[in-house]
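As the structure is a prediction and not an experimental result, all values here were calculated from the model. Note on naming: letters A, B, ... go to the chains in the order of the sequence lines (proteins, then strands), and numbering restarts at 1 for each one. When reading the values below, keep in mind they use all heavy atoms of this one structure, side chains included, and skip hydrogens, waters and symmetry mates.
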Amino acid sequence: MTRPEFEIVIGADGKVTVTVHGARGKKCLEYADLVRDIVGREEQRRLTADYYAPDGQVRIDAQVNQHRT
Amino acid sequence: MSAVCVLTPVVVASWPAISAAVAAAAASMGFAVAAPQLHKERKPDRRQVETLLADSTVLAESFRPGDRIRVQKGDVTVEVGQDARGRCTVCVSGSGLSDRELRQIGDEVAGRIVQQYTYHKLLTELKARQFQVTGEEVLADRSIRVRVRL
């Protein structure tokens, strides 16, 4: 599982743009809210396709053994 | 990435915290902290423009009336203080500059004060929550880019 990472850009005019990586769904929103609560007021929020991806990853290893009799 | 947020900082801070942000902003713009001016003498050719730090509140208990921080670059002087409603004021004065030019300097200084305040607040709060800074750089447009990881 990847660890969440923020990229924070603080503009010369003080505006802040935060990009959350490595978190999906509800967890991603919790991280975005955390930064918003520290900084101040949210002007805009955009969710990307990754946000809607399922939380867990499923790995399927398939193996077929053929035994001829 | 999974979410992108655009935020406007709200500055609610003690006077020492604001003074520190002013000093850092001033240094990044080539201004130097100057001694407070006890007797204000108004030169006739010197214009003055005052602007407000939007969404700012200086905590009353940390501020004494008359507290101001003054920075200077060449003939331009910027004084940061507080108005009657507790908001941060940025007063720019200089000779040979129009009101528009002075206002532009004031707006730039105000933005950089908010930038420095937000930078320090964010890093302090995120580090307290066990986040680690993995990268930091100042971009060509003077933005600060910080990467943090849990």
What closest approach, in Å, do [X] and [Y] show between heavy atoms, and which atom pair accounts for it?
{"X": "B/Ala3", "Y": "A/Leu47", "value": "CB-CD2, 3.9 Å"}
{"X": "A/Gly11", "Y": "B/Ser143", "value": "CA-OG, 3.5 Å"}
{"X": "A/Ile10", "Y": "B/Tyr119", "value": "CD1-CA, 3.5 Å"}

Result for side chain to side chain contact (heavy atoms under 4.5 Å, CB included) between A/Ile8 and one of B/Leu7, B/Thr118, B/Leu126 points to B/Leu126

Are [X] and [Y] connected, step by step, through hydrophobic side chains (Ile, Leu, Val, Met, Phe, Trp, Tyr) whose heavy atoms are closer than 4.5 Å?
{"X": "B/Trp15", "Y": "B/Leu52", "answer": "no"}
{"X": "A/Ile38", "Y": "B/Val10", "answer": "no"}
{"X": "B/Met29", "Y": "B/Val78", "answer": "yes"}
{"X": "B/Val92", "Y": "B/Val33", "answer": "yes"}
{"X": "B/Ile113", "Y": "B/Val12", "answer": "no"}

So [Y] and [X], do their side chains get closer than 4.5 Å, heavy atoms only?
{"X": "B/Pro9", "Y": "A/Val16", "result": "yes"}
{"X": "B/Thr8", "Y": "A/Val39", "result": "no"}
{"X": "A/Glu5", "Y": "B/Val148", "result": "no"}
{"X": "A/Phe6", "Y": "B/Val146", "result": "no"}
{"X": "B/Val6", "Y": "A/Glu42", "result": "no"}

What residue, out of A/Leu34, A/Val18, A/Val35, A/Thr17, has the most heavy-atom pairs lying under 4.5 Å from chain B? A/Val18

With a 4.5 angstrom heavy-atom cut-off, is it the side chain or the backbone of [X] that approaches chain A, or both, or neither?
{"X": "B/Thr124", "value": "neither"}
{"X": "B/Phe131", "value": "side chain"}
{"X": "B/Asp107", "value": "neither"}

Just so I understand: if I count every heavy-atom pair under 4.5 Å between each of B/Leu139, B/Leu122, B/Val114 and chain A, which residue has the most? B/Leu122

To the nearest 0.5 Å, atom CZ of A/Arg46 lies from atom SG of B/Cys5 at 10.0 Å

Intermediate values then yes/no, side chain to side chain contact (heavy atoms under 4.5 Å, CB included), B/Ile144 and A/Val9: CA-CA 6 Å; B/Ile144 302 171; A/Val9 178; over 6 Å; no

May I ask you to check whether over 12 heavy atoms, not counting those of B/Gln132, lie within 6.0 Å of atom CD? no

Tell me whether the count of non-hydrogen atoms from other residues, nucleotides or ligands lying under 6.0 Å of CD in B/Glu101 goes above 12. yes

Run the numbers on B/Val4 and A/Arg45 for side chain to side chain contact (heavy atoms under 4.5 Å, CB included), then give the verdict. CA-CA 6 Å; B/Val4 182; A/Arg45 179 178 290 197; over 6 Å; no

Report the C-alpha distance between A/Thr19 and B/Arg147 in whole Å, list the side-chain angles of each, state the deciding distance to 0.1 Å, and finish with yes or no for side chain to side chain contact (heavy atoms under 4.5 Å, CB included). CA-CA 10 Å; A/Thr19 309; B/Arg147 289 175 198 276; over 6 Å; no

